[in-house]
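One structure is given here, and the rest of the page talks about it.
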Number of protein chains: 2
Amino acid sequence: MTIEITKPRRGRPPKNTTDNRDTRAELIRSGLEQLTESGFSASGIDPILKKVGVPKGSFYHYFSSKEAFGLAVIDSYANYFAHKLDTYLLDESYPALTRIANFVEDAKSGLAYHHFKRGCLIGNLGQEVDLLPESFRPILSHVFITWQNRIADCLELAKANHDLSQSANTEKLAEYFWIGWEGAVSRTRLTQNTTPIDNYFHHFMTGLPR
Amino acid sequence: MTIEITKPRRGRPPKNTTDNRDTRAELIRSGLEQLTESGFSASGIDPILKKVGVPKGSFYHYFSSKEAFGLAVIDSYANYFAHKLDTYLLDESYPALTRIANFVEDAKSGLAYHHFKRGCLIGNLGQEVDLLPESFRPILSHVFITWQNRIADCLELAKANHDLSQSANTEKLAEYFWIGWEGAVSRTRLTQNTTPIDNYFHHFMTGLPR
DNA sequence: AATTAATTAGACGATCGGTCTATTATATTG
DNA sequence: CAATATAATAGACCGATCGTCTAATTAATT
């Protein structure tokens, strides 16, 4: 059952109405799909527009440039993903390391759901960062840092619970986690299965200092 | 001191001459630079041609299509890299695990030499494999396997020398190595330093079963 | 001399790129 | 109520780029 896309009217929208579509949000959603699958520099805006039936003029009404659009998509995805991370990593019904494993399990099924055609937007963009507008670099770095901090906090909890050695450097381990994570997720595009993630995560966990 | 590029003559080259340029090889070299920095689908052939001053007609003389060219570049790079791996991993003046570390050191300086603008061609292409001609997928997978086998052989040697636990699964460990390696190399584009590789490799080594 | 082989040169025509002007419709103001 | 401002859609714009292909050129071979 597909949701019917209403034909957009021209002109200023009426003041009190409940059925106006959120064109901006649809563009960001469509952009997320496209950029996640095909990257930024290899993606024109046409496929993004076509997916939600929005003309180019509307695009430039909502976003001053492709660059501004890209930043909006990154922001949207970073927030969504951080929220997802929190859902798992702050779930007090599990011990700290299990929380990480639960996140990994959920992420795996998400990747499979999209037939491994999507990786992680931030990882993808990080790979092509030299081709992107320079404004992207600090944003991408910052997103990675926020994610790393979340895993580091979780590892700190594992330390406090003696599931991890007291001498473990949680900051470095968190960075290590995301480095391997991005490498594994990237590999799933090639293998089209979860083997790389399984292998990587198994070794990550067994290699943790205890 | 730059090597002067001779202006190519038209027509069939003379039979006995020592100063004919190898246009095909130059195209492959230029393609390697371009594809490594910018990927396949985001790269047109114009910049590749411009770098070595070869007109398009010559390109299509030597390669039947952009796809065929891409495969030639992959083949060239895979051979070059395999040779480099062998140089280090078969160097009997060092113990097995040190050989891996020596390869890592050399690779790090190579990445720095290119200001971290190049990653690993195969890793880069693997990331955008869904955008590539379908012929690329099995080739890329095969290249990874040959690299993995080299590391696995080295780890087997470490096992034989009791530097590694006898129960270690060298095949899985070798896959793990390359997964993390590609993740780390990718991350260096963002950080523009070797920190990701240092961190990853430190944890890879300390996490090896002994 | 005619034919074949090997290489360079850039035209071709379609597509795509990001951007911008024009149009439309409603709200707000005097 | 008319004029103005605001908010949104529509698609033209024009330059660049794309991969491909035909034409031209030169040497070797028959």
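Note that the structure is predicted; figures quoted are calculated from it, not measured. Lettering follows sequence order; numbering is per chain, from 1.
If you take CD of A:E26 and P of D:dA8, they are 13 Å apart, rounded to a whole angstrom. The distance from atom NE2 of A:H61 to atom C1' of C:dT23 is 14 Å, rounded to the nearest whole Å. Between B:Y62 atom OH and C:dA5 atom P the separation is 17 Å, expressed in whole Å. If you take CG of A:D22 and P of D:dA7, they are 15 Å apart, rounded to a whole angstrom. In this structure, A:K50 atom NZ and C:dG18 atom P are separated by 14 Å, rounded to whole Å. When the P atom of D:dA10 is taken as reference, atom CG of A:L27 falls 12 Å away, rounded to whole Å.
Remark: B:K108 fails to qualify as a cation-pi partner of B:Y113 under the 6.0 Å distance and 45° angle criteria applied to the six-membered ring.
The aromatic rings of B:W147 and B:F81 are tilted relative to each other, their planes meeting at an angle between 30° and 60°.
For the OP1/OP2 pair of C:dT8 and a distance below 4.0 Å, the side-chain nitrogens and oxygens of B:T23 include at least one atom meeting the criterion.
Under the 3.5 Å distance criterion, with hydrogens and angles disregarded, no donor-acceptor pair is assigned to the side chains of B:Y94 and B:N102. Side-chain N/O atoms of B:S135 and B:E67 include a donor and acceptor closer than 3.5 Å.
Heavy atoms of B:F59 sit nowhere under 4.0 angstrom from any nucleic acid atom.
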Nucleic acid footprint by protein, nucleotides 24-29 of chain C - heavy-atom cut-off 4.0 Å, B for base, S for sugar-phosphate alone: BBBSS-
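If you look at A:Y62 and A:F69, their ring centroids are not closer than 6.0 Å. Ring centroid separation for the pair B:W178 and A:Y200 does not come in under the 6.0 Å cut-off. For an aromatic pair to be called close, the ring centres must be under 6.0 Å apart, and A:Y176 with A:W181 fails this.
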Taking only N/O atoms, report every protein-nucleotides 17-19 of chain D pair under 3.5 Å with atom names and distance.
{"residue": "D:dC18", "atom": "OP1", "partner": "B:G44", "partner atom": "N", "Å": "3.1"}
{"residue": "D:dG19", "atom": "OP1", "partner": "B:K66", "partner atom": "NZ", "Å": "2.8"}
{"residue": "D:dG19", "atom": "OP2", "partner": "B:I45", "partner atom": "N", "Å": "3.2"}
{"residue": "D:dG19", "atom": "N7", "partner": "B:K56", "partner atom": "NZ", "Å": "2.8"}
{"residue": "D:dG19", "atom": "O6", "partner": "B:K56", "partner atom": "NZ", "Å": "3.0"}

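In the displayed structure, A:E171 atom CD is contacted under 6.0 Å by at most 12 heavy atoms of other residues, nucleotides or ligands.
Ion pairing of A:E92 with A:R99 is absent here, as no side-chain N (NZ or NE/NH1/NH2) approaches a carboxylate O to less than 4.0 Å.
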